[in-house]
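Heads up: the structure comes next, in structure tokens.
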Amino acid sequence: MNKKAHLQKQLLAWFDAHRRVMPWRAAKGKTPDPYHVWLSEIMLQQTTVAAVGPYFLKFVKKWPTVEKLAAAGLDDVLAAWAGLGYYARARNLHKCAGAVVKEFGGKFPDTEEDLIKLPGIGPYTAAAISSIAFNRPAVAVDGNVERVVSRFFAIEEPLPQSKDNIRAQAARLAKDNPRSSDFTQGFMELGATVCTPKKPKCASCPWQKSCAAHRLGIAEDLPRKARKKQKPVRYGRVFWIENKSGEFLIEKRAGKGLYEGLYQLPTTDWTNDAKARRKNHDKRLRFKRLGADVRHSFTHFDLLLEIWTARAGAAFKPGKARFVSAGDLENYALPSLMRKVVKMCLHSKTA
DNA sequence: TAAACGTGGTT
DNA sequence: TAACCAAGTTT
């Protein structure tokens with residue numbers, strides 16, 4: 001047996017023995033449901049397995065098939081997604097479900113070429129679905145595989161410059177393998193559980209003897225990456241406006257991009273100048289500043305919001321906004337930042 | 001090519 | 001605590 005076939009055999013044997021149970025993963029020897037594979041792959045983009053678990057279960061219970069999901073309203077999909085982050089994924093998920101029903105009769109295509117044309121499916125996800133759900137020979141290169149390959153070949157060139165090389169090497173390792181689905185999952189699982197970013201468990205690795213970085217003693221130093229730039233801070237105010245029934249005001253967020261299509265408590269713009277936008281939501285209301293501010297960290301900036309509260313009398317006209325109770329929130333796509341504000345305001349009342 | 005795009009856990 | 005990280009995609 002040649003070297004590559006031997007490595008494949010080692011990884012597959014390791015995966016057979018150590019594969020984790022996940023809600024979207026078919027039992028050993030069973031055929032996976034492409035709808036489950038697709039849904040989980042979208043949710044898992046830049047998101048941990050632990051965070052995805054409950055969301056995946058909620059989605060398949062609410063929408064057991066791609067047809068049901070396509071027939072749902074976008075607001076309901078966003079509400080169910082709330083808290084998972086990267087909400088473009090949810091908007092594209094809904095769009096993609098519609099396309100699969102309309103263009104493919106509700107059956108997911110099985111080739112990378114067809115999959116990558118669908119909304120929210122890029123090079124990684126197209127390969128992952130083709131391989132995992134259909135056992136086709138596609139090579140899915142995610143962060144785990146990048147790390148494993150960087151170490152296995154001791155690639156010193158930093159990411160993302162080394163990406164093309166990593167892709168080519170990963171493809172070489174995966175070539176001519178009848179168990180594409182298991183190999184793809186095993187490749188990633190190895191990175192997730194053994195070849196970890198810090199303190200890799202090289203003693204437990206099926207590829208230890210062939211790993212160049214391990215031989216050189218530099219496994220933990222790879223892959224090399226440029227340092228992240230420091231994030232700017234943005235400032236603003238968020239408003240808790242409560243009526244006599246203890247309900248509070250929420251509104252649909254305007255504009256594109258961040259939190260597009262989601263709900264929020266009324267807020268000023270968020271700017272780089274702490275002194276700008278020192279303006280309250282409604283001149284007719286008397287606002288008091290809450291004792292604590294909200295801090296929230298995004299990928300590309302940190303946010304610091306003052307919380308200002310007011311009581312709305314019977315004459316107050318909410319306009320497009322609406323009063324809701326805390327118990328209603330599961331029906332609204334309120335992001336974690338805003339849920340944090342709600343929690344702080346409710347807590348301050350009982351304190 | 002680089003920036004936008006969330007969140008929660010770990011070190 | 002600040003930095004880093006997690007099954008990336010879109011513009």
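Order of the sequence lines sets the chain letters (A, B, ...), proteins ahead of strands, with each chain counted from 1.
Going from atom NZ of A:K228 over to atom P of C:dC4 covers 6 Å, rounded to whole Å. The separation between A:R25 atom CZ and C:dA7 atom P is 12 Å, rounded to whole Å. Rounded to whole Å, atom C1' of C:dC4 lies 14 Å from atom CG of A:D302. When the P atom of B:dC5 is taken as reference, atom CZ of A:R89 falls 15 Å away, rounded to whole Å. Between A:E220 atom CD and C:dC5 atom P the separation is 11 Å, expressed in whole Å. The nearest whole Å value for the distance from the CD atom in A:E146 to the P atom in C:dC5 is 12 Å. The CZ-C1' distance, from A:R19 to C:dA7, rounds to 15 Å in whole Å. One can place CG of A:L93 at 15 Å from P of B:dG6, the figure rounded to the nearest angstrom.
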Could you pull out the protein-nucleic contacts involving nucleotides 7-10 of chain B (nitrogen or oxygen on both sides, under 3.5 Å)?
from  : atom 1 : to     : atom 2 : distance (Å)
B:dT7 : OP1    : A:Y87  : OH     : 3.0
B:dT7 : OP1    : A:S336 : N      : 2.8
B:dT7 : OP2    : A:Y259 : OH     : 2.3
B:dT7 : OP2    : A:H296 : NE2    : 2.7
B:dT7 : O3'    : A:S336 : OG     : 3.3
B:dG8 : OP1    : A:S336 : OG     : 3.3

Could you go through nucleotides 1-3 of chain B and list every protein N or O atom that sits under 3.5 Å from one of its N or O atoms, giving the distance for each pair?
from  : atom 1 : to     : atom 2 : distance (Å)
B:dA3 : OP1    : A:K229 : NZ     : 2.9

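In this structure, CD1 in A:I241 is found 5.5 Å from CG in A:L285, a value given to the nearest 0.5 Å. In this structure, CG in A:N243 is found 10.0 Å from CZ in A:F248, a value given to the nearest 0.5 Å.
Both the sub-6.0 Å distance and the 45° axial angle are not jointly satisfied by A:R253 relative to the ring of A:Y259.
Side-chain proximity of A:P197 to C:dA3, C:dA7, C:dC5: nearest is C:dC5. Listed nucleotides C:dC5, C:dG8, C:dT10 differ in distance to A:Q45; the shortest reach to its side chain belongs to C:dG8. Checking C:dA3, B:dG6, C:dA7 against the side-chain heavy atoms of A:R147 singles out C:dA7 as nearest.
Across all strands shown, A:K198 has no heavy atoms under 4.0 Å from either base or sugar-phosphate atoms. Nucleic acid contact class of A:A192 (heavy atoms, under 4.0 Å, all strands): sugar-phosphate only. Base engagement by A:M22 is indicated by at least one non-hydrogen atom pair under 4.0 Å involving a base atom.
Looking at every heavy atom in both residues, A:V141 comes nearest to A:A170 through CG2-CB, 4.1 Å. A:F134 approaches A:F108 most closely through the heavy-atom pair CZ-O, 3.5 Å. What you find for A:P223 and A:R147 is that their closest heavy atoms are CD-CG, 3.6 Å. Of all heavy-atom pairs spanning A:V238 and A:L265, the tightest one is CG2-CB, 3.7 Å.
Atom name P, nucleotides B:dC5 and C:dA7: the rounded distance is 23 Å, in whole Å. When the P atom is used for both C:dT1 and B:dG6, the distance is 25 Å, rounded to whole Å.
The pair A:R25-A:E189 counts as a salt bridge, with a side-chain nitrogen and a carboxylate oxygen less than 4.0 angstrom apart. Using a 4.0 Å cut-off between charged side-chain N and carboxylate O, A:D16 and A:R179 make a salt bridge. Ion pair A:K320/A:E251 not flagged as a salt bridge, since none of the NZ, NE, NH1 or NH2 atoms sits closer than 4.0 Å to an Asp/Glu carboxylate oxygen. The pair A:D75-A:K252 meets the salt-bridge criterion, with a side-chain N (NZ, NE, NH1 or NH2) lying under 4.0 Å from an Asp/Glu carboxylate O.
Near DNA chain C, defined here as any heavy-atom distance below 4.0 Å, the residues from residues 109-137 of chain A are A:P119, A:G120, A:I121, A:G122, A:P123, A:Y124, A:T125, listed numerically.
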Review point. Can A:F183 and A:F187 be said to form a ring pair (Phe, Tyr, Trp, His ring centres under 6.0 Å), step by step?
Key: CA-CA 6 Å; A:F183 187 85; A:F187 215 155; 5.3 Å; yes
